[in-house]
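Below is one structure, written out as structure tokens; the observations come after it.
Hydrogens, waters and symmetry mates play no part in the numbers below; they use all other heavy atoms, side chains included. Here the structure is a predicted model, which means the values were calculated and not measured. A, B, ... follow the sequence lines: proteins, then strands. Residue 1 opens every chain.
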2 protein chains.
Amino acid sequence: MDLGVRARRDLDDDVQTRLAEGEHRYTSGRRSLVDALARADGPVTLPALLAMDPTLVVSSTYRNLAVLVEAGVVRRLVHGADHAHYELAEELTRHHHHLICESCGSVSDVTFDDRVERTLGKTFQRVADEAGFVPHHHAIDLFGRCRVCAA
Amino acid sequence: MDLGVRARRDLDDDVQTRLAEGEHRYTSGRRSLVDALARADGPVTLPALLAMDPTLVVSSTYRNLAVLVEAGVVRRLVHGADHAHYELAEELTRHHHHLICESCGSVSDVTFDDRVERTLGKTFQRVADEAGFVPHHHAIDLFGRCRVCAA
DNA sequence: TTGCTTGCAAATGATTTGCACTGCT
DNA sequence: AGCAGTGCAAATCATTTGCAAGCAA
């Protein structure tokens, strides 16, 4: 999720607000974390985050990711891989889905056009209704081989 | 995935064959496991499987699930919940998707009609192509509150 | 027989937590 | 001052693995 300078500021404001609503502070450590997530070009693992910013510490990062997830700033993705992947929440970026490489475990983003999403939304609502299920959001994962592994 | 008697036999034959291809045996322990999975009315966790059949042992069950996943008989689902969920592979049942309760963590199955699936398939293929990704299969998860938790 | 399977106990590894210290507000 | 946040080390807990004994082909 590449964000320009302007968007970056909006992002910080947004995070600030969301954290404040939960009586949480937007500390420098959390800024570093959000910064790393914003710089990543897709969902990243905790080790990847630590590599992007060596000042991050394991336990604090896990704790802060949990706080950010709680605040709706970050989304945690869990697939079969060893580590969970983290990304900025869709509310702060854009609704999208994932391409998951079954070979190397990497995850990247894709978006469908609005028309497709609208159609999907209706279908999902109908199916959920029939099951007495109240849908909140959806996730679509495409499993296969990424460009690198497919080569 | 409720299967009748006839389908149950077909299932066993199929599992037998798939295991044999990998130099594996279809032991009584594995039959019990497949039986429990077939009786479950959706994806189940390991503790749930043990509860369904007390003769199952933790380590062996994990090991057998791994063998069955490898053989394409079982699919392992991982979401945020504490335990992974397991279900019979779609090749043995039917292509479907999941309703995941964000409150209690339960997972249930849903199917879309063929027309919808075909349309989705085309869209997925197109999007993947653009990313140089070779799609293998897809998964759609609807997150929300199940009938019980929504009440 | 041959070596895949199994149960039990011990090990692994991602994630979490206890605690004392730091630094916002 | 008062309490949320942080780093480090220790604890958790789902899942995996070593090993000796059991069982299918």
Mind checking T27(B) for me? I need base, sugar-phosphate or nothing, with any heavy atom below 4.0 Å counting as a touch.
sugar-phosphate
Once you round it to whole Å, what is the distance between P of dT25(C) and CD of E23(A)?
13 Å
Is R63(A) near enough to dT15(C) that one of its side-chain N or O atoms lies under 4.0 angstrom from OP1 or OP2?
no
Between atom CD in E70(A) and atom C1' in dA4(D), what is the gap in whole Å?
15 Å
Under 4.0 Å from OP1 or OP2 of dC4(C): is there any side-chain N or O of H24(B) that close?
no
Distance in angstrom units between L33(B) CG and dT6(C) P, rounded
10 Å
L50(B) has an atom CG; how far is it from atom P of dC8(C), in whole Å?
12 Å
Considering heavy-atom distances to DNA chain C, does R30(B) or S59(B) have its closest nucleotide positioned more toward the 5' end?
R30(B)
Could you check L46(B) against S28(B) and say which one's nearest nucleotide on DNA chain D is further toward the 5' end?
L46(B)
Rounded to the Å, how far apart are R76(B) CZ and dT16(D) C1'?
11 Å
Length of the OH-P vector between Y62(B) and dC8(C), whole Å
16 Å
NA contact type, A84(B), heavy-atom cut-off 4.0 Å: base, sugar-phosphate, or nothing?
sugar-phosphate
Between the CG atom in L11(A) and the OG1 atom in T93(A), the distance rounded to the nearest 0.5 Å is 9.5 Å
Checking side-chain polar atoms at under 3.5 Å, does H96(A) have a donor or acceptor matched by the opposite partner on E117(A)?
no
Hydrogens and angles aside, do Q16(A) and D12(A) bring a side-chain donor and acceptor to less than 3.5 Å of each other?
no
Would you say the ring centroid of F143(B) lies under 6.0 angstrom from that of H138(A)?
no
Which nucleotide sits closest to the side chain of R25(A): dT6(D), dG23(C), dT16(D)?
dG23(C)
Taking 4.0 angstrom as the limit, do E102(B) and R145(B) come out as a salt bridge?
no
How long is the line joining CD of Q16(A) and C1' of dC24(C), in whole Å?
12 Å
Figure out the CG/C1' separation between L49(A) and dT15(C), and round it to whole Å.
14 Å
Under 4.0 Å, counting only non-hydrogen atoms across every strand here, what does S60(B) touch: a base, just sugar-phosphate, or nothing?
base
Does N64(A) place a side-chain N or O at less than 4.0 Å from the phosphate oxygens OP1/OP2 of dT6(D)?
yes
